[in-house]
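Shown next, in structure tokens, is the structure this report addresses.
Treat the numbers as computed from the prediction; the structure is a model and nothing was measured. In what follows, chains are A, B, ... by sequence order, proteins preceding strands, each numbered from 1.
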Protein chains: 2
Amino acid sequence: MATIRQVAKHAGVSIATVSRVINNSPAVTDEVRAKVLESVNSCGYVPNVGRRTTSFIALVYSGPSSLGSPYDAALLEGMVQAMDLTDLDLVILNPSRDKRPDESYTQFFLRKGVRGAILRSTVEGRQICRTIADEKFPAMGIGDHFEHPTLAFAYADSKTTSRQAIEHLITLGHQRIAFAANEHEDGDHVDRYAAYCEALDGAGIGIDRSIVYRVPARRVNGAQLLRNVMSVPKPPTAIYVTDPPIAMGLINEARNLGMDIPRDLSVVGFDDNDSRNFVFPKMTAVCQDARQLGHEAFIELARAIEAGNGERCQHRISSSWFEINNSTGPPPVKSVGILPDGTRLEAVGP
Amino acid sequence: MATIRQVAKHAGVSIATVSRVINNSPAVTDEVRAKVLESVNSCGYVPNVGRRTTSFIALVYSGPSSLGSPYDAALLEGMVQAMDLTDLDLVILNPSRDKRPDESYTQFFLRKGVRGAILRSTVEGRQICRTIADEKFPAMGIGDHFEHPTLAFAYADSKTTSRQAIEHLITLGHQRIAFAANEHEDGDHVDRYAAYCEALDGAGIGIDRSIVYRVPARRVNGAQLLRNVMSVPKPPTAIYVTDPPIAMGLINEARNLGMDIPRDLSVVGFDDNDSRNFVFPKMTAVCQDARQLGHEAFIELARAIEAGNGERCQHRISSSWFEINNSTGPPPVKSVGILPDGTRLEAVGP
DNA sequence: CTGAAAGCGCTTACAG
DNA sequence: CTGAAAGCGCTTACAG
């Protein structure tokens with residue numbers, strides 16, 4: 001466990017200067033500050049008092065908390081299970097609340113006694129993730145993933161399985177397949193949309209942008225989505241909904257409108273945990289285990305911290321899988337439509 | 001912010017002795033240790049290094065984590081929202097991992113830099129809650145509630161609304177009403193069962209213990225429960241299921257067995273957050289807002305900590321409400337039964 | 001078992 | 001802007 005003295009030696013400055021950098025005193029040149037912060041991270045410095053040592057891993061979120069979502073809840077459950085296998089504790093931090101504008105993230109984390117960060121990333125928050133990674137503070141990204149030279153992510157690849165899902169629909173005979181995703185585009189959704197396009201392309205089906213939807217990832221938006229989808233001039237016969245709450249909301253709304261899934265509409269959903277089992281009919285879905293993602297992010301971060309010497313985190317990429325259940329079937333013989341007011345239409349001819 | 005010196009003065013000992021107590025040195029008489037720990041809590045002592053002060057609120061759970069459950073996820077979301085209104089951070093602690101057998105909970109929390117604890121209580125963990133409260137460490141209980149002279153709880157009263165729920169079923173004409181609850185009995189479930197008994201009693205209906213069920217609070221157990229309920233010699237026509245995942249599992253399984261809810265069976269469920277909207281038909285339910293409970297527990301604890309001087313937490317009791325949706329209706333004209341293999345039975349006469 | 005005192009990690013006026 | 005040194009909170013061998 002490095003002390004301020006070792007950091008000072010490593011950086012070739014006095015302990016007073018190291019202290020000033022840690023406490024963000026303005027009386028330090030940018031050059032010296034950068035050199036010291038570099039040493040802080042490469043020595044794995046962490047403040048301690050007597051025998052007591054702060055050993056926290058931070059779950060960092062930015063913007064409004066989504067911790068109640070099934071995805072985040074499962075992530076957290078996995079992290080807490082992993083926590084029990086280490087001697088690190090998990091603290092939840094929101095830098096936008098009390099990170100001072102003039103301090104770096106490393107300084108912010110040191111002030112909190114944090115030794116590594118799990119970044120619950122979103123597309124909006126990518127810049128924060130990049131900044132933290134650029135400071136070389138130990139970190140794992142989760143939730144969103146993107147190219148970065150030093151930031152590692154824990155995620156499940158859902159591109160191949162998304163392609164399987166669309167091919168499954170095509171094999172069943174569907175030609176008009178809609179796509180819906182969270183309005184917040186992230187690495188996973190980019191992959192899923194790419195898979196959708198490639199699968200349609202491979203089958204010689206053109207992409208119709210009018211049945212590609214972006215909606216907020218909430219149940220009520222899934223309900224509204226169904227009404228929108230079914231009221232276009234030529235409604236799709238199948239849809240791939242890449243977010244669990246949207247898929248659940250859509251399936252329940254179908255029953256409210258008197259539709260039968262999969263007879264009137266085939267639905268491939270997405271499941272981060274267990275959602276597919278909570279709707280009727282049990283949802284055909286691309287599935288990932290968010291609990292495991294949280295677990296792996298925590299363990300990998302703990303490993304890098306314990307190793308010390310500025311050891312980097314590695315990517316932890318797990319597998320998703322495509323599970324055929326009861327919400328998909330052949331396309332309807334008669335095409336079905338629903339007017340905005342809920343009136344049900346059935347075409348007379350094919 | 002009290003230092004070790006003030007605690008020493010308050011307790012009438014040297015700073016060395018205070019330090020020994022905090023670090024749990026065996027070389028202190030029980031009498032002195034008790035006196036010092038008393039002073040530590042009444043001075044609101046918290047260890048600090050230089051300007052840095054640890055200001056954590058701990059979410060304490062014991063036994064296997066249930067943080068992924070909808071109830072716990074909603075609690076946590078509420079706590080994190082509340083956190084943003086204070087300058088305290090939330091750390092998740094599992095004392096069974098690293099609390100040393102010979103240290104008190106106060107010592108354990110000081111070692112972690114924790115100033116107050118939210119105790120995610122269960123019936124199994126009541127003794128831990130009592131011990132922490134007896135040490136007068138600032139704490140709020142949540143999840144389970146029971147009588148204790150110094151421990152305050154955040155909970156929603158669900159007794160009155162549970163009684164409304166049963167009376168609603170009786171008014172609809174039901175005479176044979178089953179009851180199902182989490183196998184882990186806690187203060188809330190005691191209330192709900194008492195309400196069930198009182199409402200039946202008030203209507204002159206006897207309690208039949210053979211249709212009172214205790215099952216694990218998981219979806220699969222809700223599915224199994226339905227099979228059990230419907231295969232008793234004279235199946236109930238309605239059931240009050242006091243846990244969300246059990247209620248959801250039961251309602252979905254009914255569709256798998258070809259039953260129609262509420263035609264064949266009326267179901268009153270329980271909802272901590274939003275579950276009632278995720279099943280079809282939308283569930284008639286006693287509802288509470290777990291997000292709000294988490295929020296209030298955090299705010300009340302933060303208030304007591306900021307007030308200092310050993311200020312006590314107060315109970316934060318909120319309201320539940322009974323919401324009539326689509327899973328309840330009049331009893332079936334013909335009584336319905338399901339054999340263990342799934343065969344559906346309908347009685348010929350009344 | 002307890003306190004006075006030396007010592008550690010860190011911070012901060014003071015000197016240059 | 002930086003370091004040597006005094007000082008704070010805390011811990012711990014040492015003395016009794």
Side-chain angles (χ1 to χ4, degrees), chain A residues 1-41 43-56 100 102-104 106-115 308, chain B residues 1-41 43-56 100 102-104 106-115 308:
Chain A
M1 203 61 56
T3 71
I4 204 174
R5 242 169 267 276
Q6 290 164 266
V7 176
K9 196 168 174 184
H10 187 276
V13 298
S14 72
I15 59 161
T17 300
V18 174
S19 178
R20 284 193 194 95
V21 170
I22 290 167
N23 293 291
N24 213 38
S25 158
V28 185
T29 49
D30 287 351
E31 193 185 3
V32 173
R33 162 177 284 110
K35 191 170 61 178
V36 171
L37 285 175
E38 172 80 33
S39 295
V40 159
N41 278 323
C43 295
Y45 169 75
V46 68
N48 32 210
V49 210
R51 293 185 318 179
R52 206 163 357 88
T53 275
T54 52
S55 285
F56 293 110
R100 303 186 191 122
D102 60 346
E103 72 184 345
S104 71
T106 298
Q107 290 167 328
F108 170 69
F109 289 132
L110 285 181
R111 183 158 64 82
K112 298 283 186 179
V114 166
R115 302 184 58 193
Chain B
M1 202 62 52
T3 70
I4 204 174
R5 241 169 267 276
Q6 290 164 266
V7 175
K9 197 168 173 185
H10 187 277
V13 298
S14 72
I15 60 160
T17 300
V18 174
S19 178
R20 282 191 196 97
V21 170
I22 290 167
N23 293 292
N24 213 35
S25 157
V28 186
T29 48
D30 287 351
E31 193 185 4
V32 173
R33 161 175 285 109
K35 191 170 60 178
V36 171
L37 284 175
E38 174 80 33
S39 295
V40 158
N41 279 323
C43 295
Y45 169 75
V46 67
N48 33 209
V49 210
R51 293 185 320 177
R52 206 164 358 90
T53 276
T54 52
S55 285
F56 293 110
R100 304 187 191 121
D102 60 346
E103 72 184 346
S104 72
T106 297
Q107 290 168 328
F108 170 69
F109 289 132
L110 285 182
R111 184 157 65 81
K112 298 283 185 180
V114 166
R115 301 184 58 193

Can you see if the side chain of B:T17 gets near the phosphate of C:dG3 - specifically, an N or O under 4.0 Å from OP1 or OP2? yes
Does a nitrogen or oxygen in the side chain of B:S19 sit under 4.0 Å from OP1 or OP2 of D:dT12? no
Heavy atoms of A:V18 and A:I4 approach each other most closely as CG1-CG1, 3.4 Å
Heavy-atom side-chain proximity of A:K112 to A:F109 below 4.5 angstrom: no
Does anything in residues 29-36 of chain A reach DNA chain D, meaning a heavy atom under 4.0 Å, and if so which residues? A:T29, A:V32
Mind checking A:V18 for me? I need base, sugar-phosphate or nothing, with any heavy atom below 4.0 Å counting as a touch. nothing
Among B:V7, B:V13, B:V36, B:L110, exactly one meets side chain to side chain contact (heavy atoms under 4.5 Å, CB included) together with B:V21. Which residue is that? B:V36
Quickly work out the [X] [atom1] to [N] [atom2] distance and round it to whole Å.
| X | N | atom1 | atom2 | answer |
| --- | --- | --- | --- | --- |
| A:L110 | C:dG9 | CG | C1' | 14 Å |
| B:I15 | D:dC10 | CD1 | P | 9 Å |
| A:I4 | C:dC10 | CD1 | P | 5 Å |

Not counting sequence neighbours, list each pair that qualifies as a salt bridge (Lys or Arg N to Asp or Glu O under 4.0 Å) and has a residue in residues 17-30 of chain A. A:D30-A:R33
Measure the OG1-NZ distance between A:T29 and A:K35 for me, rounded to the nearest 0.5 Å. 7.5 Å
Run the side chain to side chain contact (heavy atoms under 4.5 Å, CB included) test against B:S104 and tell me which residues pass, sequence neighbours left out. B:L37, B:T106, B:Q107, B:E135
Listing time: all N or O pairs from protein to nucleotides 13-16 of chain D that are below 3.5 Å?
unit_1: D:dA13; atom_1: N6; unit_2: B:R20; atom_2: NH2; d: 3.0

Dot-bracket for DNA chain D, 5' to 3', counting Watson-Crick or G-U wobble pairs under 3.5 Å, with [ ] for crossing pairs and | for inter-strand pairs? |||.||||||||.|||
The side chain to side chain donor-acceptor pair (under 3.5 Å) partners of A:S14 (sequence neighbours excluded) come to A:T17
For A:S39, which residues count as a side chain to side chain donor-acceptor pair (under 3.5 Å) partner, sequence neighbours excluded? A:H10
D:dT11, C:dT11, C:dG9: which one has an atom nearest the side-chain heavy atoms of A:R5? C:dG9
